[in-house]
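What follows is one structure encoded as structure tokens, with my remarks underneath.
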Amino acid sequence: MAYSAAEIEAKWQKAWDEAGLFRATRSADRPKYYVLEMFPYPSGRIHMGHVRNYTMGDVIARHKIATGHSVLHPMGWDAFGMPAENAAMASGGHPKDWTYGNIADMRAQMKPLGLSIDWSREFATCDPEYYGQQQALFLDFLEKGLVYRKNAVVNWDPVDMTVLANEQVENGRGWRSGAEVERRELTQWFFRISDFSEELLEALDSLDDWPAKVRTMQENWIGKSRGLQFAFGLNDGPDGHDRVEVYTTRPDTLLGASFIGISPDHPLARQLERERADVAEFCAEARRGGTTEEALEKAEKLGFDTGLTCRHPFDNAWELPVYIANFILMDYGTGAIFGCPAHDQRDLDFARKYDLPVISTFAPAENEGFPLPEDGGEAYVPPKTETVIYVRGFAGDTEQTGLAAIDAAIDFCEANGVGQGVTKFRLRDWGLSRQRYWGCPIPVVHCDACGVVPEKKKNLPIELPYDEDGNPIDFSIPGNPLDRHPSWRDCACPACGAPARRETDTMDTFVDSSWYYARFTAPRADTPTVMEDAAYWMNVDQYIGGIEHAILHLLYSRFFARAMHICGHLPEKAREPFDALFTQGMVTHEMYLGAEMNEEAKGSRAKFYFPEEVCRFEYEGEPVALLRSFVLQRSVDPSDTSKLRDLWDVHYIDDQVGAEDPKLKVIPSAKMSKSKKNVVDPVNIIGAFGADTARWFVLSDSPPERDVEWTASGAEAAHKHLTRVYRIVDALVQDTGTGTPEADETLLREMHRTIHEVTGGVESFGFNAAIAKLYAFTNTLAKSNAGADAKRQAATALAQLMAPMTPHLAEELWHLLGHEGLITAAPWPIADDAMLVSDTVTLPVQVNGKRRAEISVPVDMSKSEVEKAALALEAVQRAMDGAAPKKVIVVPGRIVNVVI
RNA sequence: GCGGGCGUGGUGGAAUGGUAGACACAGGAGACUUAAAAUCUCCAGGCCGCAAGGCCGUGCCGGUUCGAGUCCGGCCGCCCGCACCA
């Protein structure tokens, strides 16, 4: 019999189905384990990243099943979002049909992987049963004041024609469309996530099993700072403006203030803009600059002297000029700053440009040790920690260290009525309104008489209309089709019954993914969750997904879990929903980049080629490639490297291939992307080698948190190995040989060591190391002189240890070896500690830290005897060269080091 | 600028402060075969040497230690996140 993945895999998947092994059930006597991979967006195709993600989760789930846990391992679809609408716009059809079609396709591609998923719990976020419960949550949030409506300046994506949350703007561009966002003033719904800033920040410390990187990123995003908020009195301001509120984290530099700066969007600037043409001109100019990183770096720091002055809070006679400056953000603090050029580089640059005074506040009388910025010098930015600084003018020139100085400054200001210490967060409330069709409708109604009225819960779900009076909804016109849909939009007010209008905005799709993990615990319930189920299954014991969700999805989910707890939908402990988080790396692949001549542009642009379109070779030590079509056209054997080199050298002289440049750059490892033509389709791999090979490969070679490079040779090697294991075990079935007791013992000791190491690897995301150990053990087994019984015992353990990674093959081996039932249901093997230690041990012997010899000694030999034996070794004597040992270090079971 | 991470053979990568390079890919030699494929065996960090063996070696410099890829300090390089944040 030969190894046939297709046959084996279909057979055992059927057997698992029939046994109902993956159906999650609450159990009184088994511990529960909830493993979850971030659910996919139904794009229509699974990719290698999915395979890697779900395989990792599957290894954990299967290991937990084998160790007697009651496991919940569900799968669903993050199914609302723009691509469905874009597809509808591009090629007709309806987002719903497109989405459900894709889900069916992807499920069909995913099932052959043999994942231990409880498919009975599957749902899509676009199922009315799901988003209806989401609407119920929204109404509960509304009642508890966790969501509210306000008029606000928002980020508008002009391409997707919708609003974006702050988190969804990257370098001034929409996270999805890449378009530069505009600022618009709209009435929008917001989640009160900022009320939870402190809690979300502090609780990060309890997330021990989260990557430190993710915690740091969230910490920075929440952005806590402590400072002083106070006002400068404004002289002769326009009506209603007699002061300028300022927030500063460096109140210790207040005596170094030399100007006031306000944002062009500051109310005072807006007022002046209306009154004065010169101000209007400057503000328009200041707003024009882009918000991209490059633009900001290049942008000049511009200021406009309003001619107004402020009074310093410590000395009313001290006047400071008020500038409007283009680098001051209205969103942060109060939109106004005081400039302290002596201790801030940007302020110093500004002061030099506009000839403003530079006043040091940290200098003792003679400025000792605190250089004032000379012309061209840099600002002295006093460190917030450690350094001892003088706080001139506060509390009688006391000497304070770092943060204490800032606190002293705040205390002084509070005592003198000059403002108060405040804590600020960068985190803003989460705007959730989206002007799109394919999302969860916000369940409220606008009534002329009653205002904004929540929909009644019994009317939920408020379903998206599928068509309009029997005609498919038209997505060819930009904007939100719900706005143009009178029969859906127009309704009766739930409060007074008068004609009213439905809210036509839908929810941000990040809302959908902020609670799906909770829904999996009771996916068919007619309430968002069922407390009994949530209490049993929550929290997610292990969550696995990409680092790209470090802020958005994970922060929103943490907020949502808290909000759901407040509304009685989740138990207290689930306020942090994910006990452990693992962020896996990407699957990368080689990429071929060429230059395509562009006649019109009279230049060239990047063009990508499929790996099968190129011939690879080395040229001057660099990997390079030529177009295969070009090589064949010259009748050159693609495997003849020297001929390829010749072609590489001469092709410009004898160029008859037209505009295409046959020379290609090789990028050995790039993220798989359709447009870069370097995607490997899992379906093809599974077709060629089987799911077990794909699973084995994505787990081997690279640590799970790092990127793994897909190579054809690696995939083939994985398949060869699995075939070899099958062959070895298959041969064992007929084997009746007897071995020496020593050979049996050696093999079984190695077996226990392997059980020990692989178990450790599986439990700590050391999948690559576990696989390396399984390779090594396979080699040991293949070469062993042990008897058939010992070998079969070893092979059984091998199959069990491989089962989480290559479950189909493992079942087949289990069966070949004559075991009953399913390996998936068999208990995990346990290493016998007694077999992990041997009678003798080989120690390296060092002389002055350099290894000179090895010595094999009984494991219980005394230190002094080991020392004696080591010193007697010829190689050691030679290395000591007649010198007497000063000291001999013997670490039992580890090493001997002779110091001379 | 702030924060975090990483740097080991031709390649991916192993290594609780204790024999650096496990395991695999690519490579080389051989066996089997008419041949190829498949399979099996062996070699393989660099330099010197017939060999035994020796010297060097985990980005660079220094430190702690009997002993450092691992810990500490300082550089260099790369990657990631955040950022006109007051």
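Here is how names work: the chains are called A, B, and so on, in the same order as the sequence lines, proteins then strands, and each is numbered from 1. Just so it is clear, the values below take in all heavy atoms, side chains as well, and ignore hydrogens, waters and symmetry mates. Source: prediction; values computed, not measured.
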Could you tell me the Watson-Crick or G-U partner of [N], where both distances fall under 3.5 Å? Say none if there is no partner.
N	answer
B/C66	B/G18
B/G3	B/C80
B/U34	none
B/A26	none
B/C60	B/G74

Is [X] touching bases, backbone alone, or none of the nucleic acid, heavy atoms closer than 4.0 Å?
X	answer
A/Ser700	nothing
A/Ile328	base
A/Val899	sugar-phosphate
A/Lys224	nothing
A/Glu854	base
A/Ala717	sugar-phosphate
A/Lys424	nothing
A/Thr248	sugar-phosphate
A/Glu709	nothing

When you check the phosphate oxygens OP1 and OP2 of [N], does a side-chain N or O of [X] lie under 4.0 Å from one of them?
X	N	result
A/Asn768	B/A14	yes
A/Lys850	B/A20	no
A/Asn779	B/A24	yes
A/Tyr332	B/A86	yes
A/Arg724	B/C40	yes
A/Arg727	B/C40	yes
A/Arg852	B/G54	yes

[N] [atom2] sits how many Å from [X] [atom1], rounded?
X	N	atom1	atom2	value
A/His719	B/C25	NE2	P	14 Å
A/Arg428	B/A83	CZ	P	13 Å
A/Ile895	B/C66	CD1	C1'	10 Å
A/Ile728	B/C40	CD1	P	8 Å
A/Leu836	B/U16	CG	P	17 Å
A/Leu774	B/C23	CG	C1'	11 Å
A/Lys887	B/C66	NZ	C1'	5 Å
A/His721	B/C40	NE2	C1'	16 Å

Quantified in whole Å, what is the [atom1] atom distance between nucleotide [N] and nucleotide [M]?
N	M	atom1	result
B/G12	B/G63	C1'	33 Å
B/A68	B/C60	C1'	16 Å
B/A24	B/U34	C1'	34 Å
B/G69	B/G17	C1'	11 Å
B/G7	B/A14	P	9 Å
B/C61	B/C56	P	14 Å
B/C47	B/C79	P	31 Å
B/G5	B/U16	C1'	22 Å

**Request:** Using heavy atoms to find the nearest nucleotide of RNA chain B for A/Leu843 and A/Ala875 separately, return the residue whose nucleotide is more 5′.
**Result:** A/Leu843
**Request:** Select from A/Leu329 and A/Val708 the residue whose nearest nucleotide in RNA chain B is closer to the 5' end of that strand.
**Result:** A/Val708
Can you tell me which nucleotide in [options] comes closest to the side chain of [X]?
X	options	answer
A/Arg346	B/A86, B/U19, B/G13	B/A86
A/Met217	B/G18, B/C84, B/G81	B/G81
A/Tyr775	B/G54, B/C23, B/G4	B/C23
A/Ile889	B/U19, B/C66, B/A86	B/C66
A/Ala772	B/A86, B/U19, B/C23	B/C23

Would you name the heavy atoms of [X] and [Y] that are closest together and state the gap between them?
X	Y	value
A/Pro341	A/Leu348	O-CB, 3.3 Å
A/Trp710	A/Ala715	CZ2-CB, 3.5 Å
A/Arg346	A/Phe327	NE-CE1, 3.2 Å
A/Thr583	A/Val214	CG2-CG2, 4.1 Å

**Message:** Within the structure provided, determine whether A/Asn768 and A/Asp701 are in side-chain contact (heavy-atom separation under 4.5 Å).
**Reply:** no
**Message:** Surrounding NZ of A/Lys353 (heavy atoms of other residues, nucleotides or ligands, distance under 6.0 Å), is the total greater than 12?
**Reply:** yes
**Request:** For atom NE2 of A/His756, decide whether the heavy atoms of other residues, nucleotides or ligands shown that lie under 6.0 angstrom number more than 12.
**Result:** no
**Message:** I'd like to know if A/Glu874 pairs up with A/Arg852 as an ion pair, taking the criterion as any Lys NZ or Arg NE/NH1/NH2 lying under 4.0 Å from an Asp or Glu carboxylate oxygen.
**Reply:** no
**Asked** Do A/Tyr592 and A/Glu590 meet the criterion of a side-chain donor-acceptor pair at a distance under 3.5 Å?
**Response** yes
**Request:** Classify the side-chain pair A/Tyr247/A/Ser225 by whether it contains a donor and acceptor separated by less than 3.5 Å.
**Result:** yes
**Request:** Give a yes or no on whether a donor-acceptor pair under 3.5 Å exists between the nucleobase atoms of B/U19, that is its base, and the side chain of A/Arg894.
**Result:** no
**Request:** Would you state whether a donor and an acceptor, one from the side chain of A/Asn897 and one from the base of B/C66, lie under 3.5 Å apart?
**Result:** yes
**Message:** Does B/G9 count as syn, meaning its glycosidic angle lies within 90° of 0, or as anti?
**Reply:** syn
